[in-house]
Chemist: 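One structure, pasted below without further comment.
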Amino acid sequence: MNRCLSYLLGGTVLAALGIAPVSAQESLVVAAFGGKHGQTLQKCVIDTFTAKTGIKVTVDQGVSSVTVAKLKQQKGNQSLDVIWLDGEVSQAAESEGVFQDIDPAKVPNIANIIPEAVHKNKDGKITGLDDYYYSVGIVYNEDEVKEAPTSWFDLWKPEYEGLSTWPSMSDGSGPPMLVYVSELLGGGIDNLKPGVEKMKELEVAAFYDSGGNASNILSRKEAIIGVLDSGAVWSLADANPFKVGFVIPKEGGLASGTRLHLIKPSEAAYAFINHALTADAQKCFVENYFYGPSVKDISLSEKAKARLPWGPNGSIKDLRFSDAIAINEHRQEIVDAWNRDVLGRQ
Amino acid sequence: MRINRLWAAILLGIPLIYLIVFFVTPLGMVVVDSFSNEAGELTLANYATVLGEAYYWRVLGYTFWIALVTCVATLILGYPLAYYMSLIERRRTMRRLCFILILMPLFTSNIVRSFGWIVLLGREGLVNETLLLLGIVDRPLRLLSTEVAIIIGMIYVMLPFMVLAIASVLQNMNGSLREASRDLGATAFATFLKVTLPLSAPGIVAGTLIVFTLSISSYVTPRIMSGGRSVVSSMLIYDQFMLVFNPFLGSAIAVVLLVASFALIIAYTLLMERRPARGTST
Amino acid sequence: MPLIAIDRLTKSYGSLQVLKGVSLDIEEGEFVALLGPSGCGKTTLLRAIAGFVDIDGGDIAIGGRSIAGEPPNRRPVNMVFQNYALFPHLTVRDNVAFGPRRNGVDKAGLAAIVDPALETVGMTAYADRLPAQLSGGQQQRVALARAIANKPKVLLLDEPLGALDLKLRKRMQMELKHLHQKLGITFLFVTHDQEEALVMADRIVVMQEGDIAQVGTGEDIYARPQSRYVADFIGEANLLPLEAGPDGTLRIAGEAEPLPYRAPAGAGAPTLLVRPEEIRVGAAPAGGVSLSGTLTDRVFIGNATRLFVKIANGQSVVIQQAGAGTEDTLPAGAPVRIGWAREAARVLTG
C-alpha cells in the first residue's frame with residue numbers, strides 16, 4: 001500500500017514538474033515502456049513520427065500501473081496525450097473512465113489492423129487499439145532438450161525433474177498461469193484446486209520472480225526448460241547463452257498485448273496513433289523486438305516470422321488471453337493458494 | 001565538560017525523534033492496520049486468520065527453524081574464527097586482514113552474491129563440477145533452491161555478526177586468566193571449557209541474539225536461495241503487502257512474528273541470566 | 001642439589017635479547033626476590049619458569065628434572081599473577097578448588113585442600129563470594145590460596161603486591177613472609193621495589209638488562225654492592241667519580257686530597273660509594289675522609305633530616321641524619337665540612 005502511495009506521490013511530482021505542452025499541435029507527451037521495449041518504440045515509432053510530422057514527442061517512461069495511477073490523479077487536467085499500457089492493466093483500468101473515445105475516422109489505419117486489436121466499450125466506442133502481442137510459451141535449451149515440447153504438461157516429464165523454471169506470483173505471468181493450468185484441468189478462477197494439485201507435482205529448479213531472473217536461471221543452465229513470455233525469450237536468445245528454443249504449446253499460448261489509448265484528443269495525438277499502426281513502423285518494431293504486429297499482412301524476415309508469438313504460420317486466434325479483471329479480483333485467493341498449497345508441501 | 005540542559009535535550013532529542021519517526025510510527029501503523037479491514041473498521045479477523053490456521057503456524061515454525069539452524073551453525077563456525085582472530089593471531093596486520101575478510105560479505109550486494117552462489121553451487125557450478133570430476137557423484141547434486149541453500153546463504157550473511165560479537169568479548173578478556181588456568185594444571189582444552197568458554201558467554205548471547213533476530217526477519221536471502229520454493233514469514237508479509245495489496249493481513253502476520261520473536265528472545269535471555277554463574281565448575 | 005637450577009637461559013623477542021644467558025640456583029625453602037627495573041628481564045625469567053615463555057636456549061630444572069619443554073600445566077610450580085587473575089565467573093571456593101579439580105582430586109579431597117588453604121589466608125568467611133565482591137587485598141589472599149592449593153614445589157609471585165596501597169602492602173609483606181615460613185615452600189617473587197625485596201627475601205637477585213647483576217642477601221647487596229648499578233638500585237647512594245693517580249692513589253674528581261683507598265683490580269673507572277646515613281657533618285674520624293662544601297638544602301622527612309651539600313666538583317652529596325638533625329644548625333648557603341669513616345665507603349669499578 002505504501003508503495004502505491006509513493007508511486008502516486010512520485011507521479012504527482014513528476015506531473016507537476018511537467019512537461020505541460022507548449023502547444024498541443026507542436027508537441028505530444030506520451031507514456032511508454034522502459035528497457036529495450038521502450039528503446040525500440042522510440043526508434044521505430046516515435047522518432048519516425050517526429051521525422052515525418054515535425055511534432056516533438058516527450059516520452060514519460062514508466063510501468064503501466066504507475067501510468068494509470070497518474071491518469072487517475074490528474075483527472076480533468078491530463079498531462080499525457082497518448083499512452084501505451086499492458087493489456088491486463090488496460091483491461092482493469094477501462095472502468096476508470098480516463099480513456100477518451102477514439103474516432104475511427106481520424107485513424108484510417110484501423111482498417112489495416114486485425115479486428116481483435118480494436119477494443120470497444122459497452123457503448124460501442126473504441127477506447128483502445130492493440131499494437132503488438134506477445135505470448136507466454138515454453139522456452140527450452142535445444143542443446144539439452146532433444147525433443148521439442150508440444151504441451152504445457154511436458155514440463156512434468158520425469159527427465160525435466162528439477163530442471164524447469166516457472167513464474168512465481170511476483171512475476172506478472174505467475175497468477176494467470178496458475179489460473180490457466182487450472183482451467184486446462186477442468187478448474188478455473190473459482191476452482192484453483194486442479195491447478196494447485198498439478199503445480200505441487202512440478203519439481204522446478206526454481207520459481208522465477210521476473211523475466212530477467214528467468215533468463216539468468218536459464219543461461220546459467222540451472223533450468224533447461226521453462227515457461228516464459230516471448231519478449232524475454234527473444235532477448236535471451238539474442239544474448240545467445242545456448243541454442244534457445246521456444247514453442248507455443250498446443251493448448252494455446254497465454255498471450256498479452258500492448259495497447260494505445262487516447263487521453264487528450266488532438267490532431268497530433270490522432271496522427272501519432274495512426275502512425276503507430278502503419279506497416280512501416282510495425283515492421284521496424286517487430287524486426288527489432290519480435291512481438292506480433294496488429295497490422296495485417298506485413299512482410300517480415302524469416303527470423304522475425306519464426307519468432308512471432310503465434311509461430312511462423314499461426315495467427316492471433318492461436319493465442320489465449322487471460323481475464324485480467326477476474327485475476328485482479330481473485331488475487332488474494334491465487335497468491336494464498338500458491339504460498340499455502342503449492343509451496344506449503346514440504 | 002558540562003552539558004547544559006538545552007544541549008542535553010537536543011542531543012537526546014535527535015535520536016528520539018529519529019526513533020519515533022522511523023520506528024515507532026511505522027510500527028504503530030502496522031499494529032493499527034493489523035486490527036483493521038479494507039473498510040476501515042476495527043476487526044480481529046486478520047488475527048483469526050493468522051492464529052487460527054495451521055498454515056501460518058507452520059510458516060512461523062519454519063522461519064524459527066531456519067533462524068535456529070543459522071544461529072547454531074554460525075556459532076559453531078564463528079567461534080573458532082573469533083578465537084583465532086582475537087587470541088591466536090598476534091600480528092596486527094593479520095588481525096586487520098581477518099576483520100576485513102570477515103566483514104566482506106556485508107559489502108557485497110545481493111545481486112552479486114546470488115550470482116556467485118550460482119557459480120559456486122549451481123548444477124554446473126564449481127562444487128558439482130568438482131564432485132563429478134572426482135567421481136564422488138555421477139550426476140550433479142541439487143544444491144541451489146533447497147533448504148540447505150537457504151542455510152548456506154544465511155550463514156554467509158550472518159557469520160560476520162556472530163564473529164564480531166564473540167571476538168569483541170574474547171579480545172577484552174584478561175589473557176592472564178587463561179595462563180592462570182594452565183598454571184593451575186588445566187590442559188589447553190580444559191582451559192577453553194572451564195575459563196574461555198564460560199567467560200565468552202556474553203559474546204555468544206549477543207551474537208546468537210543478533211543472528212537470530214536478523215535471520216527471522218530476513219527476506220532477500222531466503223527468497224533468492226530457495227528459488228521461490230520455500231516460504232518464510234517475511235515472504236508472506238511481502239506478498240500480502242506487495243502482491244495481494246492486503247496490508248491488513250500482512251500487518252497481522254508481521255505483528256505475530258514480532259511478538260513471537262520477542263517472547264523467544266525474552267525467554268532466552270532469562271534462561272541465560274538464571275544460569276548460575278557461580279559454583280558450576282566441576 | 002638446588003631445587004631450581006637455571007642454566008644459561010636465553011630469550012629474544014625479535015632483535016631484543018631479554019635474557020642473556022641467565023644462570024641461577026635456588027635452594028629448597030628459600031625466599032628469593034628477582035629485583036630490577038622494568039625491562040630487566042625479571043618477569044620474563046619468572047614466566048619462563050612457569051612455562052609461559054618459550055625459551056631460546058639453556059635449561060630449567062626443578063628437583064633435578066628438566067622442565068624446559070613441559071607445558072605450564074605439567075610444571076610443579078604455581079603462580080600468583082600481578083592482577084591476581086582470579087576467575088570472575090567462579091566463587092572464591094571454586095577458584096581455590098580449580099587446581100585440585102584439574103589434578104583429579106575428588107569431592108572429599110577437595111574440602112580437605114580448599115578449606116585449609118582458605119584458612120591459611122584468612123578468607124574462610126568469603127568462600128561463596130565472587131571475586132568482584134572482594135577488595136584488592138582480599139583478592140590477593142584468594143590468589144595466594146589458589147596458588148598454594150596445588151601444593152607446588154615453587155610458588156612464583158609476579159609483583160604480587162603492586163596493586164595494593166602502601167599500608168596494605170607493608171602488612172602483606174609480613175604476611176607473605178610468615179606464610180613462607182609456615183608452608184616451607186620455595187618462593188620466587190618478582191618486584192621492582194627494593195624495599196619489598198629487602199623486607200621479604202632471604203636472597204635477592206638483582207637483574208640488569210637481561211642478566212644477573214648480583215645475587216646475595218639483602219645486607220650483602222646493600223653493604224657490598226659490586227657495581228654502581230646495584231648500589232644505585234638498592235638503597236640510596238652517593239656515587240662519586242674517582243680519578244686514579246699514576247701511583248695508584250685515588251682522588252675524588254676536583255679534590256686535591258688522596259683517599260685512603262686503593263683501586264681494586266679491574267678495568268672499569270672507579271667510583272666511590274657512600275651511603276647518605278654514613279656521612280656526617282663535621283670532620284671525619286681518624287683515617288676517614290673529609291670534604292668541604294656548601295649546604296644547599298635541608299629537608300626534614302619525619303624520622304630523619306636530609307642535607308644536600310655541594311662539594312668542590314659541583315656534585316651534590318646527600319646526607320641523612322636520624323631525627324631532626326640536631327648535629328648542626330647551619331643555614332642554607334653556609335660552608336660546611338662533611339666526612340665519613342674509612343670503612344663506610346666502597347670503591348666500585350663495575
Side-chain angles (χ1 to χ4, degrees), chain A residues 1-5 7 65 141 144 159 161-172 174-175 199-200 202-210 212-214 216-224 226 241-242 327-346, chain B residues 26 29-30 33 36 38 49 53-59 62 65 111 114-125 128 139-147 149 220 223-233 235-251 253:
Chain A
M1 196 182 65
N2 288 336
R3 177 167 285 192
C4 289
L5 196 68
Y7 280 164
S65 53
N141 183 333
E144 303 211 31
E159 60 258 41
E161 191 185 311
L163 295 174
S164 61
T165 187
W166 189 279
S168 78
M169 290 300 111
S170 301
D171 185 72
M199 286 310 301
K200 265 197 222 178
L202 183 66
E203 196 63 42
V204 294
F207 294 111
Y208 66 83
D209 289 343
S210 66
N213 186 197
N216 194 15
I217 290 168
L218 287 161
S219 47
R220 281 273 146 200
K221 312 212 173 114
E222 289 307 305
I224 59 173
F242 55 86
I327 286 172
N328 268 328
E329 280 169 0
H330 289 80
R331 203 162 259 277
Q332 178 93 50
E333 293 97 289
I334 295 169
V335 171
D336 283 355
W338 181 266
N339 279 338
R340 182 179 318 208
D341 301 321
V342 176
L343 301 181
R345 62 193 154 169
Q346 76 264 36
Chain B
M29 280 163 67
V30 165
D33 272 359
S36 313
E38 215 156 336
T49 308
E53 288 183 30
Y55 168 70
Y56 290 101
W57 288 105
R58 273 213 311 279
V59 173
Y62 186 67
W65 164 248
I111 293 144
S114 61
F115 200 73
W117 287 124
I118 293 178
V119 171
L120 199 63
L121 300 176
R123 201 162 63 94
E124 297 187 352
N128 267 324
R139 51 174 297 185
L141 291 177
R142 185 188 185 129
L143 298 171
L144 278 181
S145 307
T146 60
E147 191 167 298
V220 176
R223 180 118 214 170
I224 290 174
M225 298 307 282
S226 76
R229 293 171 77 242
S230 306
V231 181
V232 294
S233 294
M235 294 183 200
L236 282 185
I237 298 167
Y238 179 90
D239 286 358
Q240 291 303 323
F241 272 89
M242 297 302 177
L243 295 183
V244 181
F245 309 118
N246 184 350
F248 313 107
L249 187 60
S251 296
I253 301 171

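In what follows, every chain begins at residue 1, and chains take the letters A, B, ... in the order their sequences are listed. Computed from heavy atoms alone, side chains included, the values below leave out hydrogens, waters and symmetry copies.
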Chemist: Return the minimal non-hydrogen interatomic distance between B:Arg229 and A:Ala206, and the atom names on each side.
Modeler: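 Closest pair (atom of B:Arg229, atom of A:Ala206, distance): CD-CA, 4.4 Å.
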Chemist: Please walk me through it: do A:Gln332 and B:Asp239 pass side-chain hydrogen bond (donor to acceptor under 3.5 Å, both in side chains)?
Modeler: CA-CA 9 Å; A:Gln332 178 93 50; B:Asp239 286 358; over 6 Å; no
Chemist: Would you say that B:Met235 contacts A:Ser168 through its side chain, given a criterion of any heavy-atom pair below 4.5 Å between the two side chains?
Modeler: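 No. Closest side-chain heavy atoms not under 4.5 Å.
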Chemist: Could you check whether any side-chain heavy atom of B:Val231 comes within less than 4.5 Å of a side-chain heavy atom of A:Arg340, counting everything from C-beta outward?
Modeler: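 With C-beta onward as the side chain, the pair stays apart.
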Chemist: If I take atom CG from residue A:Asp336 and atom CG from residue B:Leu249, how far apart are they, to the nearest 0.5 angstrom?
Modeler: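 Reported value, rounded in 0.5 Å steps: 7.0 Å.
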Chemist: Which heavy atom of B:Arg223 sits nearest a heavy atom of A:Ser170, and at what distance?
Modeler: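 It is NH2-OG, 3.2 Å.
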Chemist: Rounded to the nearest 0.5 Å, what separates atom CG in A:Asn339 from atom OH in B:Tyr56?
Modeler: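 Result: 8.5 Å between the selected atoms.
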Chemist: Which answer fits A:Asn213, side chain, backbone, both or neither, if we ask what part of it has an atom under 4.5 Å from a heavy atom of chain B?
Modeler: neither
Chemist: A side-chain contact here means heavy atoms from C-beta on lying under 4.5 Å apart; do B:Asn246 and A:Val335 qualify?
Modeler: no
Chemist: Inspect the contact between A:Glu144 and B:Arg123 and indicate whether a charged nitrogen and a carboxylate oxygen are less than 4.0 angstrom apart.
Modeler: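 Answer for the salt bridge query: yes.
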Chemist: Can you say whether A:Ile217 sits under 4.5 Å from chain B via the side chain, the backbone, both, or neither, judging by heavy atoms?
Modeler: neither
Chemist: Shortest non-hydrogen contact from A:Gly162 to B:Arg142?
Modeler: CA-NH1, 3.6 Å
